[in-house]
Amino acid sequence: MTPLERTFCLVKPDGVQRGIVGEVLRRFESRGLKLVGLKMVHISRAIAEEYYAEHRGKPFFPGLVDYVTSGPAVAMLWEGENAVVVVRKTMGATDPAKAEPGTIRADFGLTISRNVVHGSDSIESANREAALFFKPDEILAYDRAHDAWIQG
Ligand code: IDP
Ligand code: MG
């Protein structure tokens, strides 16, 4: 069996306002990923600047911080084989105009500055981002009866 990975996903404020939270949860659940953390957060500017530190100095950075702090968001942790790449592929390309139809960003977005969801791009980013939003006791370990039918 491939080792399990854990990845961080955020439904951004536009996704919450537009009522897409359930749809995002449904898509990851139906792929077989296991939800191990879930919370609603209104991200502060300080956390947003840390979260998006790699983009500091880019022209879109101030707008990105405004966007992600503009209202409540929903933070999720998903566990499963290849969870990082599976979540990124289910979300689609950063720019919804370039994302493949059938992905979340293509099906629910039009433009890169309002692209509905975030997903970690590596296991290292996932660990860093998870630690920004979840305390250790907010990450739950449990068995599901059907895991043997999902994990090879
Ligand atoms: P990712 O979210 O697919 O990992 P990144 O390149 O890490 O994409 O960018 C982080 C976020 O910054 C994007 O999801 C998007 O919200 C925003 N962003 C990236 N590039 C642009 C841009 O050119 N204009 C406006 N916003 C951008
Ligand atoms: Mg990124």
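This structure is a prediction, so every number in the text was calculated from the model and none was measured. Whatever order the structure lists them in is the order used to number ligands and atoms, beginning at 1.
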Under 4.0 Å, counting heavy atoms only: does Arg114 come that close to any atom of ligand 1? no

Is there a heavy atom in Asp121 that sits closer than 4.0 Å to ligand 1?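 Not so, Asp121 does not reach ligand 1.
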
Geometric N/O contact Arg88 with ligand 1, under 3.5 angstrom: yes

Check this for me: does any side-chain nitrogen of one of Arg27 and Glu23 sit under 4.0 Å from a carboxylate oxygen of the other? yes

Could you check whether Arg105 pairs with Asp95 (Lys NZ or Arg NE/NH1/NH2 to Asp/Glu carboxylate O, under 4.0 Å)?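 Salt bridge between Arg105 and Asp95, a charged N being under 4.0 Å from a carboxylate O: no.
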
Does Ser125 use its side chain to pair, donor to acceptor, with the backbone of Ser120 at less than 3.5 Å? no

For a quick test of reading the model, state the closest non-hydrogen atom pair linking [X] to [Y] and the distance between them.
{"X": "Asp14", "Y": "Val116", "value": "OD2-N, 3.2 Å"}
{"X": "Met76", "Y": "Val24", "value": "CE-CG1, 4.1 Å"}
{"X": "Pro13", "Y": "Val68", "value": "CG-O, 3.5 Å"}

Looking at atom 23 (O) of ligand 1, what's its closest protein heavy atom, distance included? Phe60 CD2, 3.7 Å

What's the shortest distance from atom 11 (C) of ligand 1 to any protein heavy atom, and which residue and atom give it?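 Going atom by atom, the protein heavy atom closest to atom 11 (C) of ligand 1 ends up being Leu64 CD1, 3.9 Å.
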
For ligand 1, which atoms have a heavy atom of Tyr52 less than 4.0 angstrom away?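 Those qualifying, in numeric order: 10 (C).
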
Can you label the angle between the His55 ring and the Phe60 ring as parallel, tilted or perpendicular, going by 30° and 60°? tilted

Among His55, Lys12, Lys58, whose heavy atom sits nearest atom 16 (O) of ligand 1? Lys12

Nearest heavy atom to atom 8 (O) of ligand 1: which of Thr94, Ile112, Asn115 does it belong to?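 Among Thr94, Ile112, Asn115, the closest heavy atom to atom 8 (O) of ligand 1 comes from Thr94.
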
Under a 4.0 Å heavy-atom limit, does Arg105 contact ligand 1 with its side chain, its backbone, both, or neither?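 Near ligand 1, Arg105 shows its side chain, while the N, CA, C and O stay back.
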
